[in-house]
Amino acid sequence: MDSSISYDPELRVREVGARIVISSRAYELRQASTASFSDSSAFSQDSQASALLDGDKSSAAATVSSPAGATIQIRCGSMYYSDGVGICLLSSGELPIGISVGFIYSDGQKTVVADLSGYSSVSELQDGVIFVKKPDRSLEPTGFDIHISGSGAVISEILLSTTPEEGIVFEAGDISSLSIWEGADITGLTLSSRKLEVILPSVCAPRIKGSVFGSLVSAWISVNGSYYHAGDFYVDSFSNEGSISRLKASDQVTRMARYETGLYVNSPVSLSLLLENPTGAVAGLSFMSNSYSLGALVQPRMLEGIDTQKRCVLKLAQAARLSSCWVDRKGRVNIISLVNRFLTEGSTASLTVTHNQITGIVSDSYTPAYTMARLYEKSTSSSALSASGVYRPGEYAQSLINDFTASSENKTISDNLLLGMNLRHRLKIETRFDPRLEIGDIIELERLEDRSRHESFIFVGQSIVLKDGRLSSVIELVGE
């Protein structure tokens, strides 16, 4: 529970709304990237590669002096996640004969040629910018080489984001509806993105100029004039659909799924020490954990070479005594065993959901009982590293493949997997929105059919919907 938020879930709600802020990531991308010349002699003596990423589009940074052209090398120090690259030209220079951008990926380079047909001078370009859209691939580039053919071109800036740096704000009156989903897998088997969808009247669309793909989106929900932060996201798409415009965004898990990296240590190390000295897949991320998971020994071995950052972090969390993994509203990657938390803290509730806050039961069910859980190092293994329980034909068993585990933790991992699979009570209830709720909170639930009967659950997710002046949340709970 976020104790910093003062909120009474049973107050009389008179007015609800939302605010969406789309911010440029240009500064973030510039700070994490470097620019250099492949051959400095191909540029004038006063050219400075570093000035290509200083945010100043009005001053000359580099002038191509070689008739054979020149190449600018951009290397991204963190997740790129933008729509392409823009080359800002000054009208004091010549229009290049051609521009091509080689986007660099782990499996090679993909070259895209800019379309300069129909232009005879730089002054004819909109804002003096030539934008080259990156290839439609499942992964993000780690950098790109910009080749400019011919001499005389004057480049002022390389644009890594086309979203206006002053940002775009949509207030309550602009937003037709808003929905947010967030959740974590109590068994630790999956890692999902928080999702945001906003519907705007089409008259708002002109305020979004250019591509906003990859731009940072901050969502806020208001109740009786007080605003509560509902999380940060990154734009996945923006589309115009007749009378409405639709914006879809997700948290950094989506970006992590598009970034290839690795993680390897020679001997077992505590999760705490690994996160204190971040490298490879854990570099550049902010983490949140607890003593149970931080004390686990892990040994990432990357038996299958490079992998996406998402899968690396998920396997690391699983190796930490089968911890669940999710990104919270503050952008922190949480690695916490929800199974252990519920079984050790289930009698100490963070807050109580009363019958006054419940507007209906969406579903109330039990998952099948599992009698065995197995841990394997790789999919081709014939024998398990560890097994918990006893399997009999016709019963349910769950397997986990993970090459990040330390042998001393293997039995704990399979034990926790079996325990998690047998937290079988799954409950979804529609409630009045409570901004204090956070994934992993222990909830004491006052049942509608018997108010004297309270049950303990762990909060693992919710779907927040704001539409037609009504705000609600379907919360997802897991219990025994």
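The basis for the numbers below is simple: all heavy atoms, side chains too, and nothing from hydrogens, waters or symmetry mates. This structure is a prediction, so every number in the text was calculated from the model and none was measured. Positions are given from 1 along the sequence.
Counting all heavy atoms, side chain and backbone alike, A42 lies closest to G69 at CB-O, 3.7 Å. Scanning all heavy atoms of the two residues, the minimum distance from S293 to I336 falls at OG-CA, 3.6 Å. The heavy-atom pair separating F170 from D174 by the smallest distance is CA-OD2, 3.5 Å. The minimum heavy-atom distance linking D232 with D251 is given by the pair O-CB, 4.1 Å. Minimum heavy-atom separation, S222 to A18: OG-N, 4.0 Å. Annotation for S245 and N240: closest pair OG-OD1, 2.7 Å, computed over non-hydrogen atoms.
For the pair L466 and F433, the minimum side-chain heavy-atom distance is 4.5 Å or more. Put simply, the side chain of L189 reaches to within 4.5 Å of the side chain of L400, judged on heavy atoms. Taking 4.5 Å as the limit, some side-chain heavy atom of W326 sits within range of a side-chain heavy atom of L338. Taking the side chain as every heavy atom from C-beta outward, F238 and L200 approach each other to under 4.5 Å. At a threshold of 4.5 Å between non-hydrogen side-chain atoms, the residues V313 and V333 count as touching. For the pair I148/I155, a side-chain contact is recorded, criterion being any heavy-atom separation below 4.5 Å from C-beta on. For the pair L271 and S323, the minimum side-chain heavy-atom distance is 4.5 Å or more. Using a 4.5 Å heavy-atom threshold, the side chains of E276 and L273 count as touching.
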Begin with the C-alpha distance, continue with both residues' side-chain angles, and end with the deciding distance and a verdict on side-chain contact (heavy atoms from CB on, under 4.5 Å) for I475 and D434. CA-CA 10 Å; I475 64 174; D434 188 338; over 6 Å; no
Step-by-step side-chain hydrogen bond (donor to acceptor under 3.5 Å, both in side chains) determination, S270 to S272: CA-CA 5 Å; S270 70; S272 175; 4.8 Å; no
L297 and R321: CA distance, side-chain angles, deciding distance, side-chain contact (heavy atoms from CB on, under 4.5 Å) verdict: CA-CA 8 Å; L297 293 178; R321 298 171 179 165; over 6 Å; no
Begin with the C-alpha distance, continue with both residues' side-chain angles, and end with the deciding distance and a verdict on side-chain contact (heavy atoms from CB on, under 4.5 Å) for N402 and I413. CA-CA 10 Å; N402 192 300; I413 294 169; over 6 Å; no
Evaluate side-chain contact (heavy atoms from CB on, under 4.5 Å) for E260 paired with T142, printing each intermediate quantity in order. CA-CA 9 Å; E260 284 193 323; T142 58; over 6 Å; no
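Checking side-chain atoms of S156 against main-chain N and O of K57 turns up a donor-acceptor pair under 3.5 Å. Checked by atom type and distance alone, the side chain of T431 pairs as donor or acceptor with a backbone atom of S473 at under 3.5 Å. A donor-acceptor contact shorter than 3.5 Å links the side chain of R207 to the backbone of V169. Side-chain atoms of R301 come within 3.5 Å of backbone N or O of T405 as a donor-acceptor pair. A distance-only check finds a donor-acceptor pair linking the side chain of S289 to the backbone of I335 [under 3.5 Å]. E157 places a side-chain N or O within 3.5 Å of a backbone atom of G55 that can act as its donor or acceptor partner.
A salt bridge does not link K330 with D328: every distance from a Lys NZ or Arg NE/NH1/NH2 to an Asp or Glu carboxylate oxygen is 4.0 Å or more. Taking 4.0 Å as the cut-off between side-chain N and carboxylate O, E182 and R329 count as a salt-bridged pair. K378 and D403 are not joined by a salt bridge, as no carboxylate oxygen comes within less than 4.0 angstrom of a charged side-chain nitrogen.
Here CD of Q252 is found 10.5 Å from CG of L216. Values are rounded to the nearest 0.5 Å. In this structure, CZ in F233 is found 15.0 Å from OG in S215, a value given to the nearest 0.5 Å. Taking OG of S33 as the start and CG of L52 as the end, the distance is 12.0 Å to the nearest 0.5 Å. Taking CD from Q462 and CD from E438, the interatomic distance works out to 10.5 Å, rounded to the nearest 0.5 Å. With rounding to the nearest 0.5 angstrom, the CG atom of L316 is 8.0 Å from the SG atom of C325. For the atom pair CZ (R246) and CD1 (I199), the distance works out to 3.5 Å, reported to the nearest 0.5 Å.
Pairs engaging residues 114-127 under the salt bridge (charged side-chain N to carboxylate O under 4.0 Å, His left out) rule: none recorded [sequence neighbours left out].
Checking E241 against S239 by side-chain atom types alone, a donor-acceptor pair falls below 3.5 Å. If you check the side chains of S59 and D56, you find a donor sitting under 3.5 Å from an acceptor. Between the side chains of S250 and S193, no donor-acceptor pair of N or O atoms lies under 3.5 Å. The closest side-chain donor-acceptor pair between S38 and Q73, if any, does not fall under 3.5 angstrom. Between the side chains of Q309 and T261, no donor-acceptor pair is found at a separation under 3.5 Å. No side-chain N or O of S324 forms a donor-acceptor pair with one of D185 less than 3.5 Å apart.
The environment of CD in E171 is crowded: more than 12 heavy-atom neighbours from other residues, nucleotides or ligands sit within 6.0 Å. Within 6.0 Å of NZ in K428 there are 12 or fewer heavy atoms belonging to other residues, nucleotides or ligands.
Using the six-membered ring where Trp is involved, F37 and F43 have ring planes that are parallel, under 30° apart on the 30 and 60° scheme.
A side-chain hydrogen bond (donor to acceptor under 3.5 Å, both in side chains) with S44 is found for exactly one of S41, S40, S47, namely S47.
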